[in-house]
2 protein chains.
Amino acid sequence: MPDTITQSIQDYLKHIYELNEHGGSASTNDIAIRLNIAPASVTGMLQKLASATPPLVIYKKHQGVTLTKNGEKAALEVIRHHRLLETFLVTTLGYSWDEVHREADKLEHVISEDFEARMAEALGHPTRDPHGELIPTADLVMPVDESCPLASLRTDETATVRRVSDDDPALLRHLREIGVVPEVKIVVKSYSEFDGNLTLQVEGQKSNVVLGTAVTSQVFVDK
Amino acid sequence: MPDTITQSIQDYLKHIYELNEHGGSASTNDIAIRLNIAPASVTGMLQKLASATPPLVIYKKHQGVTLTKNGEKAALEVIRHHRLLETFLVTTLGYSWDEVHREADKLEHVISEDFEARMAEALGHPTRDPHGELIPTADLVMPVDESCPLASLRTDETATVRRVSDDDPALLRHLREIGVVPEVKIVVKSYSEFDGNLTLQVEGQKSNVVLGTAVTSQVFVDK
DNA sequence: AATAAAATTTAGGCTAGACTAAATTTTACA
DNA sequence: TGTAAAATTTAGTCTAGCCTAAATTTTATT
């Protein structure tokens, strides 16, 4: 492991992990935006992470970074903390799913391994957090996610909501209101070529709902 | 309030508060020992805290520091966090009373006011933590503590254990074993002039126990 | 009261992790 | 394929909070 993995480094690794999940390598700019710091600051840190012993990222000038095995383990540790904490806060302290993110973002860096283990135990070793996101296992393996964006469905397709993006509290409140939450079944009644709107029938809801891509791109389903 | 109250500053204030409780002002050295840093570093921080706007401590060269009203409020906020967290960890995650201190020391700096309020609510607004220490109220008032050291009792006196010092896990485990925990009644069967040993009859325990001052000075009772 | 020991402060330095401004490289597009 | 825009890196600063060594003040002891 590197000299020490600070809270700041944990944040870098977590966001690089998430960026790596989508497009291959994480760009300086994207990292800077997510961490809300100047791009120049990111460059400095990436160089440091790349030359740590052992290296936490693979970095080539002007080409962004990828996590090494070590970097990924450290990232998954933080992500596991985060998602267990979100679950814990909801079930134990009655937080709603749009309130947990900020709190977990701070706590994830300071809880002990013992705390992590006790939470997992108390929660019955959950595999998903309140937003349906997969929780890395205790030995730091991220389960495979099969889900696809709701936006990719077309008329008459049916699916089960699996997870929703957790970083916009307002969106989360809206989704809760219209019943679009994990494990709920939906049917696509129609699709609009022009704006990408989907008209959905949501399990347990009396009337259909029309959602734009700003929403449907943030909701993931299993067909 | 000062520019920002960092985690480091919170730690200073917390320890100064505790030192102020005993002897009047907190000395540079005592603070350095508690924080495990060099005395010279403490001097620097004290000067900074004294010239913050508003000042958090009153500092006179070579004479230690006292908290201002603002400094005390900030200290009590941290102490309230700490003691609520200890209680929460014990009741919710099954921690034992000798394990909670370290965890609470990290968490106390990062939880939100919302988290604090939810814990207090979930725990039924407790007034003491698992070690019997008083929890500052939500409006940051420290309740008055009437208890006196067990070491000050003499033969035939009876008392109720109110609280025990929480910073030595080994001592805590020992006290738990011999049944010396908050709310338990004890009777002093004998006192030794020479070594200060007390022979105690502890409520709920079959045989008496002999305790030295290293222990009896850390246990506080109400007569 | 002199002086040694202990406590404290001053002075100067270091590291982590951020910043801005300027230079450079890459990308996009006419 | 040349050039402008965007992205990235370099260079130089800054702050917080710690450090050591040396100087000073206080306290304790003879």
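Worth knowing before you read on, the calculation uses all heavy atoms, side chains too, and leaves out hydrogens, waters and symmetry mates. Residue numbering restarts at 1 for every chain, and letters A, B, ... go by the order of the sequence lines.
Scanning for salt bridge (Lys or Arg N to Asp or Glu O under 4.0 Å) contacts around A:Asp98 gives A:Arg173, with sequence neighbours left out. A:Arg128 pairs by the salt bridge (Lys or Arg N to Asp or Glu O under 4.0 Å) definition with nothing, not counting sequence neighbours. In this structure, A:Lys60 has no salt bridge (Lys or Arg N to Asp or Glu O under 4.0 Å) partners at least two apart in sequence or on a different chain. B:His109 pairs by the ring-ring contact (aromatic ring centres under 6.0 Å, His included) definition with nothing, not counting sequence neighbours.
Between B:Thr6 and D:dG17 there is a side-chain polar atom (N or O) within less than 4.0 angstrom of OP1 or OP2. The phosphate of D:dA7 (OP1 or OP2) has no side-chain N or O of A:Ser27 nearer than 4.0 angstrom. Under 4.0 angstrom from either OP1 or OP2 of C:dA16 there lies no side-chain N or O belonging to A:Gln7.
Base engagement by B:Thr43 is indicated by at least one non-hydrogen atom pair under 4.0 Å involving a base atom.
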Give each protein N/O atom lying under 3.5 Å from an N/O atom of nucleotides 23-28 of chain D, with the pair distance.
none

Distances under 3.5 Å between protein N/O atoms and the N/O atoms of nucleotides 20-22 of chain C, please, pair by pair.
none

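With C:dA18, D:dC18, C:dT10 as the candidates, the nucleotide lying closest to the side chain of B:Tyr12 is D:dC18. If you check C:dA16, D:dG17, D:dT9 against the side chain of A:Tyr59, the one that comes closest is D:dT9. The side chain of B:Asn29 sits closest to C:dA7 out of C:dT9, C:dA7, C:dG17.
With salt bridges taken as basic N to acidic carboxylate O contacts below 4.0 Å, one links A:Asp114 and A:Arg118.
Between B:Phe115 and A:Tyr95, the two ring planes are tilted [angle within 30° to 60°].
Annotation for B:Asn197 and B:Gly212: closest pair OD1-CA, 3.1 Å, computed over non-hydrogen atoms. Here the closest heavy-atom approach between residue B:Asp166 and residue B:Leu172 is recorded as O-CD1, 3.7 Å.
We find that CE of A:Met45 is positioned 17 Å from C1' of D:dT8, with the value rounded to whole Å.
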